There are 2 protein chains.
Amino acid sequence: MNKASEPPAGADGLLPIRITELADLSTTEMAALRGLADRFATHARHAIIRQEGEMPPGLFFLLEGWAVSSVTLADGSRQLLKLHVPGDLMGAPSLPLSRAAETLIALTDVSVAQVSLEALGEIFVQHPRLGALFFLSAQEERVLLMDRLTGMGRLDARHRIAWLFVHLHERLRLVASGMGAAFDLPLTQEQLGDLLGLTAVHVNRTLRSLDAEGYLKRERGHIEILRYDDLKRLAALPPRTVRRNLSWLPPSRPSRPGR
Amino acid sequence: MNKASEPPAGADGLLPIRITELADLSTTEMAALRGLADRFATHARHAIIRQEGEMPPGLFFLLEGWAVSSVTLADGSRQLLKLHVPGDLMGAPSLPLSRAAETLIALTDVSVAQVSLEALGEIFVQHPRLGALFFLSAQEERVLLMDRLTGMGRLDARHRIAWLFVHLHERLRLVASGMGAAFDLPLTQEQLGDLLGLTAVHVNRTLRSLDAEGYLKRERGHIEILRYDDLKRLAALPPRTVRRNLSWLPPSRPSRPGR
DNA sequence: CGTAAGATTGACAAGCGTCAAATACAGTGG
DNA sequence: CCACTGTATTTGACGCTTGTCAATCTTACG
């Protein structure tokens with residue numbers, strides 16, 4: 001691990017996290033979010049950013065690169081839980097636990113900021129609206145997990161893969177607008193299997209069949225969706241749309257109020 | 001649905017939700033939580049408390065009885081997401097969405113309070129510590145979903161059922177301390193299947209085999225665990241323990257501070 | 001006492017995992 | 001620049017877990 005106390009150039013604009021997707025923020029709130037980032041670090045591909053079992057569990061902010069969170073079982077098998085892209089908060093689920101539940105692994109070279117928990121606590125005091133947005137953001141993640149659970153329980157390999165690609169495409173579009181039908185996917189087929197509850201062999205067979213039927217094209221670490229609408233039809237989960245600036249949210253606070 | 005504006009007798013002590021498992025609360029905070037409950041209602045067994053797609057999505061507090069949240073797919077299959085017991089907040093994942101993601105169904109006769117979203121917003125302003133605890137509670141739910149996802153992806157029917165029973169037993173112990181090795185389970189085998197990503201037929205075969213091997217005994221809507229430690233060994237997911245009163249949490253506020 | 005919902009059982013099929021080997025590819029050192 | 005080596009992908013044969021279909025049995029309840 002390579003540590004540096006200065007943020008990497010150009011990453012600054014990313015700090016407002018996913019939360020900006022839920023509401024418009026005041027400049028003060030933006031500044032408070034930026035204040036969350038504590039120590040900056042970079043990790044090489046395949047490096048472990050945070051190991052499950054670690055205590056106390058820390059909180060991380062992904063600035064550049066891809067990462068993944070996973071759980072490992074006693075028999076050595078593992079489940080990949082979520083792919084993290086720049087702007088993602090990582091490790092939050094373990095915050096209430098005494099030991100971290102998930103391992104965070106760098107899929108590419110990444111740069112990461114450690115989030116100060118004291119600063120997070122202060123945000124709930126100084127910026128109730130941000131606190132509520134953090135709460136809502138966690139609920140959004142719950143919906144995602146619920147949908148993934150539904151997929152694992154009720155969809156076969158073909159449908160799960162279709163859903164994953166459509167979902168990833170939509171998620172990446174939010175980050176990189178103007179993206180076409182193609183995107184990077186720095187995952188091996190074994191990792192795809194661990195993500196979808198399949199074996200690498202079966203992932204290969206299914207990918208190959210989707211390719212043969214013209215749904216998509218594959219290269220190393222790169223996917224191009226050819227028949228987007230058909231693929232989306234395969235991805236049979238209900239659509240989700242977030243509602244911005246909910247009326248019951250607390251108002252933005254100007255700056256530091258009564259202390 | 002049977003509506004009443006008065007809380008049912010005896011339910012009052014339950015209102016402090018799961019949040020008391022994360023920290024000790026001041027009396028003011030307890031009172032604020034009680035203020036969340038808005039309109040009270042009762043529903044008969046099998047009644048739909050809230051339908052997915054409904055808008056705007058409401059928030060509910062389960063006072064008495066069992067309920068379940070589920071997602072339905074286009075082909076009619078459904079995934080049960082979570083069993084709710086008294087004290088549970090229901091419907092929170094849909095809060096950031098424009099339409100409710102999950103259907104809430106009464107498994108037994110239930111009594112439910114509707115939660116006022118305005119009151120929830122006010123809590124983030126008046127009681128930052130409670131806001132942070134709501135945030136942490138959502139993270140705890142994420143961990144549960146992550147574990148369920150891991151189970152669906154990596155465990156076979158036998159292990160999934162073992163995990164469910166052990167997990168349910170532990171959860172019910174928190175609500176009803178002094179509980180033995182037996183507990184009610186108001187679910188049909190088909191519903192168990194929908195919860196675990198299996199078919200009713202296969203649930204039956206697996207339950208029957210666990211029974212035959214002396215792991216447990218079954219009656220209608222009732223489970224008794226006989227070989228608890230062995231069953232727990234089958235339930236091969238890592239243990240989770242929450243840490244109470246985390247140091248970075250905001251302090252309790254006395255009452256209504258500067259407005 | 002009748003009826004419907006739930007539990008049980010058996011025969012069979014399909015999807016996916018396992019094992020093992022072959023092939024393609026990327027990165028490395030000489 | 002090339003041979004070398006480990007990693008990732010691909011392929012085939014086979015078996016097991018789980019699903020499907022359909023019938024029967026049991027229990028709760030009007």
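Note that this is a predicted model, so its numbers are computed, not measured.
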[X] bridged to [Y] by N-O distance under 4.0 Å:
X: A:Arg142; Y: B:Glu102; answer: no
X: B:Arg18; Y: B:Glu140; answer: no
X: A:Asp230; Y: A:Arg233; answer: yes

Worksheet entry | Below 4.0 Å: OP1/OP2 of D:dT10 and any side-chain N or O of A:Arg218 | yes
Worksheet item: So does B:Arg208 get a side-chain nitrogen or oxygen closer than 4.0 Å to the phosphate oxygens (OP1/OP2) of C:dT8?
Response: yes
[X] [atom1] to [N] [atom2], straight-line distance once rounded to whole Å:
X: B:Met152; N: C:dC16; atom1: CE; atom2: C1'; answer: 16 Å
X: B:His159; N: D:dT17; atom1: NE2; atom2: C1'; answer: 12 Å
X: A:His46; N: C:dG27; atom1: NE2; atom2: C1'; answer: 13 Å
X: B:His222; N: D:dA28; atom1: NE2; atom2: P; answer: 14 Å
X: A:Arg220; N: C:dC25; atom1: CZ; atom2: P; answer: 7 Å
X: A:Leu185; N: D:dT9; atom1: CG; atom2: P; answer: 10 Å
X: A:Leu207; N: D:dT11; atom1: CG; atom2: C1'; answer: 15 Å
X: A:Arg158; N: C:dC16; atom1: CZ; atom2: P; answer: 11 Å

Worksheet item: ring pair (Phe, Tyr, Trp, His ring centres under 6.0 Å) between B:His169 and B:Tyr228: does it pass, once the steps are laid out?
Response: CA-CA 10 Å; B:His169 183 260; B:Tyr228 188 84; 5.1 Å; yes
Worksheet item: Any side-chain heavy-atom pair from B:Phe61 and B:Met90 closer than 4.5 angstrom?
Response: no
Practice prompt. List the steps and the verdict of salt bridge (Lys or Arg N to Asp or Glu O under 4.0 Å) for B:Asp211 and B:Arg208.
Written response: CA-CA 5 Å; B:Asp211 191 331; B:Arg208 183 149 282 276; over 6 Å; no
Item to complete: Walk me through it: do A:Arg240 and A:Glu170 pass the test salt bridge (Lys or Arg N to Asp or Glu O under 4.0 Å)?
Response: CA-CA 11 Å; A:Arg240 310 288 179 213; A:Glu170 288 179 354; over 6 Å; no
Response to the item:
B:Asn204 has its side chain closest, among D:dT9, C:dG15, C:dT9, to C:dT9
Practice prompt. Nearest-nucleotide wise, let me know which of B:Arg160 and A:Ala200 is further upstream toward the 5' end of DNA chain D.
Written response: A:Ala200
Do any N or O atoms of the protein come closer than 3.5 Å to N or O atoms of nucleotides 19-21 of chain D, and which pairs are they?
| from | atom 1 | to | atom 2 | distance (Å) |
| --- | --- | --- | --- | --- |
| D:dG19 | OP2 | B:Thr199 | N | 3.2 |
| D:dG19 | OP2 | B:Thr199 | OG1 | 3.1 |
| D:dG19 | N7 | B:Arg205 | NH2 | 3.2 |

